[in-house]
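Please read all numbers here as calculations on a predicted model, not as lab measurements. Each ligand, and each atom within it, is numbered from 1 in the order the structure gives.
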Amino acid sequence: MNKPILAQTEHFTKDVEARIERDFTPRRVAPDSPSRREELLRAADGADALFISPVDRLDAEFFRRVPASVKVIATFSVGYDHIDLRAAAGRKIALANTPGVLTDATADLAMLLLLGASRRAYESEQLLRTGAWAKTSSARLLGWQPTGKVLGILGMGRIGQAVALRARSLGMKIHYSNRNPLSQELAGDAVFHESPLHLLRVSQFLSLHAPHTPETHHFLNAQTIALLPAGAIVINSARGGLLEDEALIAALKTGRVAAAGLDVFEGEPNINPEYVQLQNTFLLPHIGSATLETNSAMGMLALDNIDAVLAGVPAPSLVKLPADKSLA
Ligand code: DGY
């Protein structure tokens with residue numbers, strides 16, 4: 001029997017690649033190809049499924065051109081702001097993401113950002129690596145202690161809750177804002193703020209975990225940064241578009257925001273170059289889910305979804321697509 005054709009734009013972990021080789025006829029687009037999108041469209045010709053990542057922007061134009069053979073697209077991410085859902089619905093293509101399996105890895109990474117920013121990890125490491133430590137007696141860089149401080153969490157889904165769990169072990173007080181308050185059992189002693197703006201007023205540390213949507217775009221900007229306590233620390237491991245780079249950079253320059261830990265950037269991998277010039281930033285290249293175990297679990301879940309859609313059975317994690325008005 002012919003195996004289904006799968007077009008993919010990334011290299012996955014060995015176990016995931018082995019399963020692809022076993023169950024599919026793979027068509028691989030080189031991840032660093034400058035014409036990755038065109039190559040994906042070419043590889044999609046006659047393909048049953050696409051396996052993509054957030055680097056692939058699937059907009060309305062993409063969905064106009066994607067061949068009719070494609071029945072399902074799986075993204076190697078929980079976030080799907082890189083995909084035009086309405087256009088996917090218009091083409092009746094199922095879309096799957098990878099929720100749940102990357103919660104711990106991403107929450108760990110948020111804590112790395114929180115500690116890296118607050119303990120001035122970049123400056124300290126630089127001091128050591130450049131040999132300056134040996135040359136000065138005043139090399140101790142004083143950071144900011146999380147103990148007893150308020151950590152404001154914007155977006156209290158799975159990852160936000162896992163961050164709260166970890167931050168409690170540092171002795172932090174948890175406040176959060178979310179579309180709906182958590183049940184008492186899940187919230188524990190976390191304080192709910194119906195208004196995200198009220199959350200900002202108390203957040204000595206702020207960690208962003210909301211999806212990037214038109215409503216949350218540039219949530220953190222000059223006006224909202226002004227609501228934070230002076231010297232707040234900002235953490236973003238969700239999506240770069242949640243904050244306005246120029247406003248954050250201006251606040252980091254004056255110390256209005258003492259430090260920032262960032263793993264995601266608007267327009268990444270091309271980031272605002274001023275971030276790299278600043279000493280009070282701790283910057284990582286979008287590695288929230290990047291552990292061997294988590295990448296394996298994400299790949300396996302994506303393939304489970306593809307298998308299910310192609311077999312016509314319920315898939316474990318399909319993204320709900322909006323109703324397609326053009327077909328009504
Ligand atoms: C996700 O899964 O959305 C992570 O940010 C990786 O892109």
The closest protein heavy-atom partner of atom 2 (O) of ligand 1 is V78 N, 2.6 Å
Counting each atom of ligand 1 from 1 as listed, which ones have a heavy atom of G79 under 4.0 Å away?
1 (C), 2 (O), 3 (O)
Proximal atoms of ligand 1 relative to P54 (non-hydrogen, under 4.0 Å):
7 (O)
Apply side chain to side chain contact (heavy atoms under 4.5 Å, CB included) to the pair I233 and W144, showing each step before the final yes or no.
CA-CA 9 Å; I233 290 176; W144 299 274; 3.9 Å; yes
Among protein heavy atoms, which lies nearest atom 6 (C) of ligand 1, and at what distance?
H286 NE2, 3.4 Å
What donor-acceptor contacts under 3.5 angstrom involve side-chain atoms of residues 194-203, with partners at least two apart or in another chain?
| residue | atom | partner | partner atom | Å |
| --- | --- | --- | --- | --- |
| S195 | OG | L197 | N | 3.0 |
| S195 | OG | H198 | N | 3.3 |
| S203 | OG | L199 | O | 2.7 |

protein heavy-atom neighbour closest to atom 3 (O) of ligand 1 works out as R239 NH2, 2.7 Å
Compile the donor-acceptor pairs under 3.5 Å between side chains in residues 255-264 and protein atoms, sequence neighbours left out, one pair per line.
| residue | atom | partner | partner atom | Å |
| --- | --- | --- | --- | --- |
| R256 | NH1 | L228 | O | 3.0 |
| R256 | NH1 | P229 | O | 3.3 |
| R256 | NH2 | A226 | O | 2.9 |
| R256 | NH2 | L228 | O | 2.6 |
| D263 | OD1 | H286 | N | 2.9 |
| D263 | OD1 | I287 | N | 2.7 |
| D263 | OD2 | I287 | N | 3.1 |
| D263 | OD2 | G288 | N | 3.0 |

G288 near ligand 1 by a heavy-atom separation under 4.0 Å
no
H217 vs H212 aromatic rings, parallel, tilted or perpendicular, using cut-offs 30° and 60°?
tilted
Do the side-chain N and O atoms of T213 and E215 include a donor-acceptor pair separated by under 3.5 angstrom?
yes
For a quick check under 3.5 Å, do D48 and S69 share a side-chain donor-acceptor pair by atom type?
no
Under 4.0 Å, heavy atoms only, figure out whether ligand 1 is touched by the backbone of L102, its side chain, both or neither.
side chain
